[in-house]
> 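The structure follows.
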Amino acid sequence: MEVPPNTPLSRDISGALAWWRDAGVDCTFADAPNVWLSPAAAETPTADIPQSRPMPVIKAPAVPEKPRFGGDHATWPQDLAGFQTWWMTETSLDHGSSAQRIAPRGRYGADLLILVEQPEVMDNESLLSGPQGKMLSAMLAAMGVSEENTYFASLLTRHTPMPDWQGLQQTGLGDVLRHHLALAAPKRIIAFGGAIPSLLGHAPSQSLLTSVKIGDNDHAIPLFSALSLDALQRAKAKEGLWRRWLEWSGTIAA
């Protein structure tokens, strides 16, 4: 049916078309999908189209395992005299010159074992022969302890500025320490230095370490933990050490 021009209906249709054109709609739309490509075109091989490939897996280079502190446990000396000689020559204990090493000193089964983190800077021929050793000698005299019946040991073979205690612990420093203590078999131990308790199995969340079990013996050796000898140069630190020592030694004597 033709719609006569200039009629209300034709004006309505023209207005509607003009409205859609102004809105940007100038094509017809349908809900049903259309196949725009012919079946032959849709099945065209895609050999010329580059195919995606999996990204190659890049492996990080293997990190070499750190050598064990002290080397193979099976080669460790089984007597104190042999250990003291091994301490001065075993390369895995210290990669520097063996001429600068300081040996532990003392006899088997001593009444007291003094354990420090490392030799002091001024140590030359014997462990704790410098200024810290002189202060320690005065302390032992005040405590009524004979140096002749005391064993002196250190964690390291030489004085080492800023040691990596965590790395040394991970590579077996604590195992060597326990073996050394088992061979020395002291009746009591005084440990000077904050790095020592953790090497003997003391967790920070626990109370102060007061004894340690070493070797295959279930007997616990009384242990007195103290600040480093360097830190004990302060008068307040000495006062606190002396008060704790009196309490500890009184408990041990009882």
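Side chains are part of it too, since the values below use all heavy atoms of this structure and drop only hydrogens, waters and symmetry mates.
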> Can you give me the closest heavy-atom contact between Trp76 and Gly71, atom names plus distance?
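For Trp76 and Gly71, the tightest heavy-atom pair comes out as NE1-O, 3.9 Å.
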> Evaluate the side chain to side chain contact (heavy atoms under 4.5 Å, CB included) criterion for residues Ile190 and Leu112: first the C-alpha distance (whole Å), next the side-chain angles of each, then the deciding distance (0.1 Å), finally the verdict.
CA-CA 7 Å; Ile190 300 180; Leu112 179 66; 3.6 Å; yes
> Taking side chain to side chain contact (heavy atoms under 4.5 Å, CB included) as the test, write out the residues that go with Gln170, two or more places apart.
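Once residues adjacent in sequence are excluded, the partners of Gln170 under the side chain to side chain contact (heavy atoms under 4.5 Å, CB included) criterion are Gln166.
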> List for me each residue that meets salt bridge (charged side-chain N to carboxylate O under 4.0 Å, His left out) alongside Lys187, sequence neighbours excluded, and say none if there are none.
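Lys187: salt bridge (charged side-chain N to carboxylate O under 4.0 Å, His left out) contacts with Asp111.
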> Here's one to test your reading of the geometry: is the NZ or CZ of Arg244 within 45 degrees of the ring axis of Phe224 and under 6.0 Å from its centre?
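Verdict for Phe224: a cation-pi partner in Arg244.
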> Could you list the donor-acceptor pairs under 3.5 angstrom formed by side chains in residues 132-143, with sequence neighbours left out?
{"unit_1": "Lys134", "atom_1": "NZ", "unit_2": "Ser129", "atom_2": "O", "d": "3.4"}
{"unit_1": "Ser137", "atom_1": "OG", "unit_2": "Gly133", "atom_2": "O", "d": "3.0"}
{"unit_1": "Ser137", "atom_1": "OG", "unit_2": "Glu147", "atom_2": "OE2", "d": "2.8"}

> Given side chains that start at C-beta, do those of Ser154 and Ile102 come closer than 4.5 Å, heavy atoms only?
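Side chain of Ser154 against side chain of Ile102, heavy atoms only: no contact under 4.5 Å found.
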> Holding to side chain to side chain contact (heavy atoms under 4.5 Å, CB included), I want the full list of residues that pass it with Ser228, two or more places apart in sequence or in another chain.
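Partners of Ser228 under the side chain to side chain contact (heavy atoms under 4.5 Å, CB included) test: Asp230, Ala231.
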> Which residue pairs pass the side-chain hydrogen bond (donor to acceptor under 3.5 Å, both in side chains) test when at least one of the two sits in residues 79-90, sequence neighbours left out?
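Every pair satisfying side-chain hydrogen bond (donor to acceptor under 3.5 Å, both in side chains) with a residue in residues 79-90: Gln84-Tyr151, Trp86-Glu90, Glu90-Ser92.
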> Could you tell me which residues satisfy side chain to side chain contact (heavy atoms under 4.5 Å, CB included) with Ala103, sequence neighbours excluded, listed by chain and number?
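Only Met88 meet the side chain to side chain contact (heavy atoms under 4.5 Å, CB included) criterion with Ala103.
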> Show the nearest heavy-atom pair for residues Leu227 and Ala237, with the distance to one decimal.
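Shortest heavy-atom contact: CD1-CB, 4.2 Å.
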> How long is the straight-line distance from CG of Leu127 back to CZ of Arg101, given to the nearest 0.5 Å?
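Output value for this atom pair is 14.5 Å.
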> Could you tell me which residues satisfy side chain to side chain donor-acceptor pair (under 3.5 Å) with Thr171, sequence neighbours excluded, listed by chain and number?
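Partners of Thr171 under the side chain to side chain donor-acceptor pair (under 3.5 Å) test: none.
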> Identify whether Ile114 and Trp242 are in the same connected component of the hydrophobic contact network (ILVMFWY, side-chain heavy atoms under 4.5 Å).
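Same cluster: Ile114 reaches Trp242 through Ile, Leu, Val, Met, Phe, Trp or Tyr contacts under 4.5 Å.
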> Would you say the side chain of Leu113 lies within less than 4.5 Å of the side chain of Ile221, judging by non-hydrogen atoms?
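No. Closest side-chain heavy atoms not under 4.5 Å.
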> Between His180 and Leu80, is the side chain to side chain contact (heavy atoms under 4.5 Å, CB included) condition met? List the steps.
CA-CA 8 Å; His180 191 179; Leu80 186 58; 4.2 Å; yes
> Can you tell if the side chain of Pro163 reaches within under 4.5 Å of the side chain of Glu117, non-hydrogen atoms only?
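SC-SC contact between Pro163 and Glu117 ruled out.
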> Using the test side chain to side chain donor-acceptor pair (under 3.5 Å), find all partners of Arg68 that sit at least two apart in sequence or belong to another chain.
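Expected list: Asp175.
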> Applying side chain to side chain contact (heavy atoms under 4.5 Å, CB included) to Leu155 and Leu115, what does each step give before you reach the verdict?
CA-CA 8 Å; Leu155 298 180; Leu115 178 62; 4.3 Å; yes
> Write down the atom of Val176, the atom of Gly70, and the distance for their closest heavy-atom approach.
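In this case the closest contact between Val176 and Gly70 is CG2-CA, 4.2 Å.
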> Do any pairs count as a ring-ring contact (aromatic ring centres under 6.0 Å, His included) and have a residue in residues 106-137, sequence neighbours left out, and if so which ones?
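Those involving residues 106-137 do not exist here.
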> Could you tell me whether a side-chain N or O of Gln118 sits under 3.5 Å from a main-chain N or O of Leu156, the two making a donor and an acceptor?
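No, because the side chain of Gln118 does not come within donor-acceptor range (under 3.5 Å) of the backbone of Leu156.
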> Using the side chain to side chain donor-acceptor pair (under 3.5 Å) criterion, which residues pair with Glu148? Sequence neighbours excluded.
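So Glu148 forms a side chain to side chain donor-acceptor pair (under 3.5 Å) with Ser146.
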> Arg107: which residues meet the side chain to side chain contact (heavy atoms under 4.5 Å, CB included) condition with it, sequence neighbours left out?
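Expected list: Asn149.
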> Closer than 3.5 angstrom, by distance alone: can the side chain of Arg158 be matched with the main-chain N or O of Asp94 as a donor-acceptor pair?
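No, Arg158 side chain to Asp94 backbone: no donor-acceptor pair under 3.5 Å.
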> What pair of heavy atoms forms the shortest contact from Ala153 to Pro104, and how long is it?
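The answer is CA-CB, 4.2 Å.
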> Where is the tightest heavy-atom contact between Trp248 and Leu223, given as atom of each residue plus distance?
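Heavy atoms of Trp248 and Leu223 come nearest at NE1-O, 3.4 Å.
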> Under 3.5 Å, is there a donor-acceptor pair between the side chain of His159 and the main chain of Pro119?
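Flag set: sc His159 to bb Pro119 pair under 3.5 Å.
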> With clusters defined by side-chain heavy atoms of hydrophobic residues (ILVMFWY) lying less than 4.5 Å apart, directly or transitively, does Leu241 cluster with Leu246?
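Same hydrophobic cluster.
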> Given side chains that start at C-beta, do those of Leu199 and Leu173 come closer than 4.5 Å, heavy atoms only?
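Yes, at least one pair of side-chain atoms sits under 4.5 Å.
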